[in-house]
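What follows is a set of notes on a single structure, which appears directly below.
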Amino acid sequence: MHYWLLKSEPFVFSWDNLVENEVESWEGVRNYQARNYLRSMRWGDQFFFYHSNEGLCIVGTGEIVEEAFDDPSCTDHPGRWSTVNVKPLMKFKTPISLSDIKAMPELKDMVLVNNTRLSVQPVTEFEWNYILKLGTF
DNA sequence: GCCAACGTTGGC
DNA sequence: GCCAACGTTGGC
């Protein structure tokens, strides 16, 4: 099992939208590095849901329920971009903000801190457990 | 609203 | 294949 972090601007697609929809195709990723991470996701992998631009916090967790397939929102380059299906798992009791994360030396190597623009990123098992503990406290 | 970081495009 | 110009993301 691997862990991930998916970013979304809440005014475009929020945690509440994910809960409403139950299953969502994570479409629209147009960055090769992010796409490659999408393609390496496996059924049952889990991810943090992060609100970017507004909120700036991890608000919950979700799970990959369908491995990568062609992104239907890309019409001009068939086969170039991929998407996965995800579902919500658990809402954090305490959202973990970016400033919280930056304040913790244990989390200084997170991609979220060091590559702010990457919208799909891996999370280590240590980082996963650490943040999960804080978020569900 | 600004700007840094990063990615992409296109001329050479 | 390099690099300048441009566009986008996202934190502040």
Side-chain angles (χ1 to χ4, degrees):
Chain A
M1 151 121 71
H2 287 94
Y3 301 104
W4 310 95
L5 183 145
L6 296 177
K7 280 187 199 173
S8 181
E9 300 173 343
F11 44 87
V12 177
F13 185 80
S14 70
W15 168 264
D16 287 341
N17 295 138
L18 182 62
V19 171
E20 285 163 21
N21 295 5
E22 294 185 10
V23 171
E24 176 74 13
S25 289
W26 204 264
E27 298 176 2
V29 170
R30 296 293 181 269
N31 170 285
Y32 287 105
Q33 199 180 356
R35 182 206 68 181
N36 292 341
Y37 285 132
L38 285 178
R39 288 183 177 177
S40 64
M41 290 177 176
R42 293 295 167 256
W43 187 89
D45 280 359
Q46 295 185 9
F47 64 90
F48 288 134
F49 193 109
Y50 177 80
H51 280 171
S52 61
N53 270 297
E54 278 178 12
L56 307 187
C57 56
I58 297 171
V59 289
T61 69
E63 183 178 331
I64 309 302
V65 295
E66 189 70 54
E67 295 183 7
F69 55 98
D70 249 30
D71 186 339
S73 73
C74 173
T75 50
D76 50 345
H77 296 101
R80 179 177 296 189
W81 301 113
S82 300
T83 181
V84 297
N85 284 353
V86 303
K87 71 169 186 186
L89 273 188
M90 179 185 57
K91 184 178 185 174
F92 274 5
K93 276 186 199 163
T94 316
I96 305 302
S97 72
L98 181 62
S99 55
D100 292 338
I101 290 171
K102 284 183 170 173
M104 294 172 196
E106 296 89 342
L107 301 176
K108 69 174 171 46
D109 292 327
M110 277 193 78
V111 182
L112 189 66
V113 176
N114 297 298
N115 187 354
T116 54
R117 296 187 55 202
L118 190 60
S119 63
V120 179
Q121 41 184 269
V123 172
T124 68
E125 193 173 359
F126 173 83
E127 291 159 355
W128 179 267
N129 290 328
Y130 195 94
I131 292 172
L132 196 64
K133 201 174 290 180
L134 294 170
T136 53
F137 182 70

- line: Leu56(A) atom CG is separated from dG10(C) atom C1', nearest whole Å, by 8 Å
- request: Measure the distance from CD1 on Ile58(A) to P on dG10(C) and round it to the nearest whole Å.
  value: 14 Å
- request: Can you figure out which of dT8(C), dG7(B), dT8(B) approaches the side chain of Arg117(A) most closely?
  value: dT8(C)
- request: For the residue pair Glu24(A) and Asn21(A), confirm or rule out a side-chain donor-acceptor distance under 3.5 Å.
  value: yes
- prompt: Between dG11(C), dG10(C), dT8(B), which nucleotide has the shortest distance from any of its atoms to the side chain of Glu9(A)?
  reply: dG10(C)
query: In terms of ring plane angle, is the pair Phe92(A) and Phe48(A) parallel, tilted or perpendicular, where the classes change at 30° and 60°?
result: perpendicular
- prompt: Could you give the CZ-to-P distance, from Arg30(A) to dT8(B), as a whole number of Å?
  reply: 12 Å
task: For dC12(C), take OP1 and OP2 only and decide whether either is under 4.0 Å from a side-chain N or O of Lys102(A).
output: yes
- request: In plain terms, say whether Asp71(A) and Arg80(A) are close enough for a salt bridge, that is, a side-chain N and a carboxylate O under 4.0 Å apart.
  value: no
query: Any idea which of dG10(C), dC6(B), dC12(C) is nearest the Leu98(A) side chain?
result: dC12(C)
- prompt: Taking CG from Asn53(A) and P from dC2(B), how many angstroms apart are they, rounded to a whole number?
  reply: 16 Å
task: Check every atom of dG11(C), dC6(B), dG10(C) against the side chain of Tyr50(A) and return the nucleotide holding the closest atom.
output: dG11(C)
message: So that I can tick it off, tell me whether Glu67(A) and Arg42(A) are bridged by a salt bridge, with the cut-off set at under 4.0 angstrom between side-chain N and carboxylate O.
response: yes
- prompt: Given dG10(C), is OP1 or OP2 found less than 4.0 Å from the side-chain N or O atoms of Lys7(A)?
  reply: yes
- line: Among dT8(B), dC12(C), dG7(B), the one nearest any side-chain atom of Gln33(A) is dG7(B)
message: Within the 3.5 Å criterion, strictly below it, is a donor on Arg35(A) or Ser40(A) matched to an acceptor on the partner's side chain?
response: no
- request: Take atom CD of Gln121(A) and atom P of dA5(B), then tell me their distance rounded to the nearest Å.
  value: 17 Å
- prompt: His51(A) has an atom NE2; how far is it from atom P of dT9(C), in whole Å?
  reply: 17 Å
task: Round to the nearest Å and state the distance from Asn114(A) atom CG to dC6(B) atom P.
output: 10 Å
message: What is the separation between atom CG on Leu112(A) and atom P on dG11(C), rounded to the nearest whole Å?
response: 7 Å
